[in-house]
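Here's a structure for you.
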Amino acid sequence: MRIMRNIIFSPFYKVLIADFFMADQLTSQFPLLRHVEFAACYFMAGSFRANPYEMCTNSKQYKHLAYVISFLPYYWRAMQCLRR
């Protein structure tokens, strides 16, 4: 939790090797984060019972959230690089 806090607030904290490594892993694993996001939308919203498969991918909220999830690991990594 401490490392994730340091990654999120990376411009304000000294960047340690553990923070650097974890942010690098998050950057490498963003396709997995996108799949987890879709699974959460699909199963937690209960759309698998009543709605078609495309219900999550066609909504505007899902698309905006997908952009944010895709952008955040790269942003955090860039902020760490600026801090270093």
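Computed from a prediction, not measured in an experiment: that's the story for all the values here.
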**Prompt:** How would you list, by chain and number, every residue that makes a ring pair (Phe, Tyr, Trp, His ring centres under 6.0 Å) with Phe21, sequence neighbours excluded?
**Reply:**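 Partners of Phe21 under the ring pair (Phe, Tyr, Trp, His ring centres under 6.0 Å) test: none.
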**Asked** Would you say Ile8 and Arg5 make side-chain contact, with heavy atoms under 4.5 Å?
**Response**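 Heavy-atom side-chain distance check fails, nothing below 4.5 Å.
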**Prompt:** Given the rule that I, L, V, M, F, W and Y join up when any side-chain heavy atoms are under 4.5 Å apart, are Ile3 and Trp76 in one cluster?
**Reply:**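 Yes, one cluster joins them.
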**Message:** For the CD1 atom of Ile7 and the CZ atom of Arg77, what is their distance to the nearest 0.5 Å?
**Reply:**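 Answer for the CD1-CZ pair, Ile7 versus Arg77, is 9.5 Å.
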**Asked** Does Arg83 reach the side chain of Pro11, with side-chain heavy atoms less than 4.5 Å apart?
**Response**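 Side-chain contact under 4.5 Å: no.
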**Asked** Are Leu82 and Tyr75 grouped together when hydrophobic residues (ILVMFWY) are joined by side-chain heavy atoms under 4.5 angstrom apart?
**Response**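 Hydrophobic grouping puts Leu82 with Tyr75.
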**Asked** Are Met22 and Leu16 grouped together when hydrophobic residues (ILVMFWY) are joined by side-chain heavy atoms under 4.5 angstrom apart?
**Response**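 Each belongs to a different hydrophobic cluster.
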**Message:** So, using ring pair (Phe, Tyr, Trp, His ring centres under 6.0 Å) as the criterion, who are the partners of Phe9 when residues are at least two apart?
**Reply:**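 Partners of Phe9 by the ring pair (Phe, Tyr, Trp, His ring centres under 6.0 Å) criterion come out as none, since no residue qualifies.
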**Request:** Flag yes if Ile17 and Met79 sit in one hydrophobic cluster, no otherwise; membership is Ile, Leu, Val, Met, Phe, Trp, Tyr, and two members link when side-chain heavy atoms are under 4.5 Å apart.
**Result:**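 As far as the 4.5 Å side-chain criterion goes, Met79 and Ile17 are not connected within one cluster.
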**Message:** Grouping I, L, V, M, F, W and Y whenever their side-chain heavy atoms are under 4.5 Å apart, do Leu26 and Tyr67 come out in a common cluster?
**Reply:**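 No, Leu26 does not connect to Tyr67 through the hydrophobic network.
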**Prompt:** Between Gln80 (side chain) and Asp19 (backbone), is there a donor-acceptor pair under 3.5 Å?
**Reply:**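 It does hold such a pair.
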**Item:** Ser10 side chain vs Asn6 backbone, donor-acceptor pair below 3.5 Å
**Value:**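 No.
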